[in-house]
Amino acid sequence: MRLSRDFFAQDTLSVARLLLGKRLVRRWNGQRLSGCIVEAEAYIGQDDLGCHASVGRTARNEVMFGPPGRAYVYFTYGMHWMFNIVTEAQEFAAAVLIRALEPLEGIPAMKRNRQGRTGFDLCSGPAKLAQALLITRELNSADLCAKRGAELWLEDGPPIPDDKVATSPRIGLNNTPEPWESVPWRFYVRDNLFVSKAR
DNA sequence: CGCCAGATCCACT
DNA sequence: GTGGATCTGGCGG
């Protein structure tokens with residue numbers, strides 16, 4: 001079952017939590033590259049100083065102000081692409097950053113995309129999984145809920161019970177004013193080997 | 001192992 | 001001109 005726009009329209013913390021266990025699927029060259037989401041972070045509105053939307057509406061963050069269920073893909077650190085899913089109502093700028101996947105389908109292709117790296121190093125980080133699934137600028141603003149012709153979408157997966165879900169502060173927010181640097185808006189599957197960092 | 005700096009582009013100031 | 005929702009290899013312990 002493909003995840004619908006209603007799913008992504010929920011509040012961002014719920015979406016981030018519920019995305020654990022869901023499958024991210026990339027269609028490329030007639031084959032499926034996919035993985036189970038094991039780590040995600042919420043970025044919630046213009047008040048959240050960790051969120052790109054906190055600087056106001058710009059060309060870069062425009063997609064976050066649009067309808068839910070679209071891809072917000074941006075470039076950072078001079079070499080990395082990041083994949084987010086837009087959440088909540090139009091005009092409320094929020095998204096979930098996908099931080100790690102447990103690889104499931106198309107692993108040889110992912111390995112090639114990752115210059116021969118394997119296992120843990122395939123998708124254990126936001127820039128790694130973007131590289132493994134060939135997610136770049138062209139997919140920014142792509143509709144992940146399209147009925148046909150989609151290159152990227154999400155599918156249902158086994159629910160992860162609460163006792164297997166852990167939270168922590170978001171990764172990489174250096175010198176962001178509190179409480180934003182410390183709010184526990186990162187969700188990950190406890191003891192899963194493909195999570196980017198143990199805690 | 002852990003730590004650290006370099007890589008390298010682009011949006012925003 | 002600056003610095004970032006990161007990753008990697010190299011170096012030291």
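Letters A, B, ... mirror the listed sequences (proteins, then strands); counts begin at 1. Computed from a predicted model, the values in this text were never measured in an experiment.
- Taking a pair as Watson-Crick or G-U with both hydrogen-bonding distances under 3.5 Å, the stems of three or more pairs touching DNA chain C are B:1-7 with C:6-12, B:9-12 with C:1-4.
- Within the 4.5 Å cutoff, no side-chain heavy atoms of A:K128 are placed close to those of A:S196.
- At a threshold of 4.0 Å, the pair A:K164-A:D191 does not count as salt-bridged, since none of the basic side-chain nitrogens sits closer than that to a carboxylate oxygen.
- In this model, no donor atom of one side chain and acceptor atom of the other lie less than 3.5 Å apart for A:Q10 and A:S14.
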Show me the side-chain donor-acceptor pairs of residues 74-83 of chain A shorter than 3.5 Å, one per line, residues at least two apart or across chains.
none

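- Comparing the P positions of B:dC3 and C:dA5 gives a spacing of 22 Å, expressed to the nearest Å.
- A donor and an acceptor atom, one from each side chain of A:E155 and A:W153, are located under 3.5 Å apart.
- A salt bridge links A:D48 with A:R170; the closest basic N to acidic carboxylate O contact falls under 4.0 Å.
- A 4.5 Å side-chain heavy-atom check between A:E88 and A:D11 finds at least one atom pair inside the cut-off.
- Side-chain atoms of A:Y43 and A:W185, non-hydrogen and from C-beta on, never get closer than 4.5 Å to each other.
- The shortest side-chain heavy-atom distance between A:R60 and A:E62 does not fall under the 4.5 Å cut-off.
- Within residues 109-134 of chain A, the residues approached by DNA chain C to less than 4.0 Å at the level of any non-hydrogen atom are A:R114, A:R117, A:G125, A:P126, A:A127, A:K128, in residue-number order.
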Kindly list each side-chain donor-acceptor pair under 3.5 angstrom involving residues 15-31 of chain A, sequence neighbours excluded, with atom names and distances?
from  : atom 1 : to     : atom 2 : distance (Å)
A:R17 : NH1    : A:I160 : O      : 3.4
A:R17 : NH2    : A:I160 : O      : 2.7
A:R17 : NH2    : A:D162 : OD1    : 2.8
A:K22 : NZ     : A:L18  : O      : 3.1
A:R23 : NH1    : A:E105 : OE1    : 2.9
A:R26 : NE     : A:L133 : O      : 2.8
A:R26 : NE     : A:L134 : O      : 3.4
A:R26 : NH1    : A:E151 : OE1    : 3.4
A:R26 : NH2    : A:L134 : O      : 2.9
A:R27 : NH2    : A:A150 : O      : 3.4

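- Contact footprint of chain A on DNA chain C: nucleotides with an atom under 4.0 Å from a non-hydrogen protein atom, first to last in 5' to 3' order, C:dG4 to C:dG9.
- The closest side-chain heavy-atom distance from A:N192 to A:E102 is below 4.5 Å.
- Relative to the ring axis of A:Y188, A:R186 places its NZ or CZ within 45° and under 6.0 Å from the centre.
- Of the residues in residues 60-96 of chain A, those lying under 4.0 Å from DNA chain B by heavy-atom distance are A:R60, A:F75, A:Y77, A:G78, A:M79.
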